[in-house]
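For reference, the structure discussed in these notes is given below.
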Amino acid sequence: MKKSRVVDCYVAIRRVCIPYIPGLLAFREMYLLVPAVLRIINRYCVDLMLVDGHGISHPRRLGIASHVGLAFNKPSIGVAKKRLIGKEVIRNGNHFLEYKGEVVAAEVRTPRGGRIFVSPGHLMELHIAVSIVKRLFKYPYKLPYPLHLADSISKASKKLRTPSETLKVVKCPTSLDLSL
DNA sequence: GCGACAG
DNA sequence: ATCTTGTCGC
């Protein structure tokens, strides 16, 4: 398969004003996510969105990954480090999360043996989501590379910024070492 | 009523 | 998420 590369990167900065409540993560992060995503949408042909958080493996099948995909009308995939809802079940030797009789997420093995939960967001099917996430791993990172980079960038920017009340969207380096 | 609970 | 020491594999 063709080698992929990071083309562009942006980070939205502002002091958060909504608390984290399980099941309502989108309310806390969407107003930061949207401005940053718009920078990408306005300049590139986007055909898939990876989101750090659950997709349909959510109490109302509307995790932040589903929410973002729906907002921009793009296929989306949810990648979460921890379970939110559902019970673990085994189908054909693979582990999944089942909620109210429906398989809503797959448990995927990371390069170092850990596990993450992959769920369909918008316009997406579980097995497609899993196959895509698997080819985006980059040893030894726990998250598929695009999300690892995003996570790293957000933490780095939080360290050297003074929390402001006004939203700022800043362009970022597309390589990991330059971001630290 | 009690425990669970993405980031 | 964040805090935080030592420890293990590559």
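A note on names: the letters A, B, ... follow the listed sequences, proteins ahead of strands, and every chain is numbered from 1. This one's a predicted model, so the numbers in the text were calculated from it and none came from an experiment.
Taking atom NE2 on A/H54 and atom P on C/dA1, their separation rounds to 12 Å, with Å as the unit. Regarding A/L143, its CG atom lies at a distance of 15 Å from the P atom of B/dA6, rounded to whole Å. Between the CG atom of A/D52 and the C1' atom of B/dA6 there is a distance of 8 Å, given to the nearest Å. Protein atom OH of A/Y20 is 13 Å distant from nucleotide atom P of C/dT2, rounded to whole Å. As a whole-Å value, the separation of A/K159 NZ from C/dA1 C1' is 14 Å. Rounded to whole Å, the distance from CG on A/L62 to P on B/dA6 is 17 Å. With rounding to whole Å, A/R60 atom CZ is found 12 Å from B/dC5 atom C1'. A/Y99 places its OH atom 13 Å from the P atom of B/dA6, with the value rounded to the nearest Å.
Exactly one residue among A/I116, A/L136, A/V79 makes a side-chain contact (heavy atoms from CB on, under 4.5 Å) with A/L147. That residue is A/V79. Checking A/N94, A/I77, A/V108 one by one against A/V130, the side-chain contact (heavy atoms from CB on, under 4.5 Å) holds for a single residue, A/V108. When each of A/E29, A/H54, A/H58 is tested with A/I64 by the rule side-chain contact (heavy atoms from CB on, under 4.5 Å), just one qualifies, namely A/E29.
The stretch residues 119-131 of chain A has no heavy atom under 4.0 Å from DNA chain B, so no residue of it qualifies as close.
Base engagement by A/G23 is indicated by at least one non-hydrogen atom pair under 4.0 Å involving a base atom. Within 4.0 Å (heavy atoms only), A/K87 reaches no atom of the nucleic acid at all. A/Y139 comes within contact range of the sugar-phosphate backbone alone, with a heavy-atom separation under 4.0 Å but no base atom that close. Nucleic acid contact class of A/L24 (heavy atoms, under 4.0 Å, all strands): base. The residue A/I64 sits close to a base: some heavy atom pair falls under 4.0 Å.
Placement of A/V11 and A/I40 in two distinct hydrophobic clusters is found when ILVMFWY residues are connected by side-chain heavy-atom separations under 4.5 Å, directly or transitively.
Between A/K81 and A/R112, it is A/K81 whose nearest contact on DNA chain C lies nearer the 5' terminus.
Ranking B/dA6, C/dT2, B/dA4 by closeness to the A/A80 side chain, first place goes to B/dA6. When distances are taken from the side chain of A/L84 to each of C/dC10, B/dA6, C/dA1, the shortest belongs to B/dA6.
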From CA spacing to verdict: side chain to side chain contact (heavy atoms under 4.5 Å, CB included), A/V68, A/M30: CA-CA 8 Å; A/V68 173; A/M30 279 294 276; 3.4 Å; yes

Full working for side chain to side chain contact (heavy atoms under 4.5 Å, CB included) between A/K81 and A/L143: CA-CA 8 Å; A/K81 295 177 286 298; A/L143 294 172; 3.9 Å; yes

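Taking 4.0 Å as the cut-off between side-chain N and carboxylate O, A/R83 and A/E88 do not count as a salt-bridged pair.
Within the 4.5 Å cutoff, the side chain of A/N73 has heavy atoms near those of the A/H122 side chain.
Under 4.0 angstrom from either OP1 or OP2 of C/dT2 there lies at least one side-chain N or O belonging to A/K158. Put simply, A/R83 has a side-chain N or O that comes within less than 4.0 Å of OP1 or OP2 on B/dC5. In this structure, A/K82 does not reach the C/dA1 phosphate: none of its side-chain N or O atoms is under 4.0 Å from OP1 or OP2.
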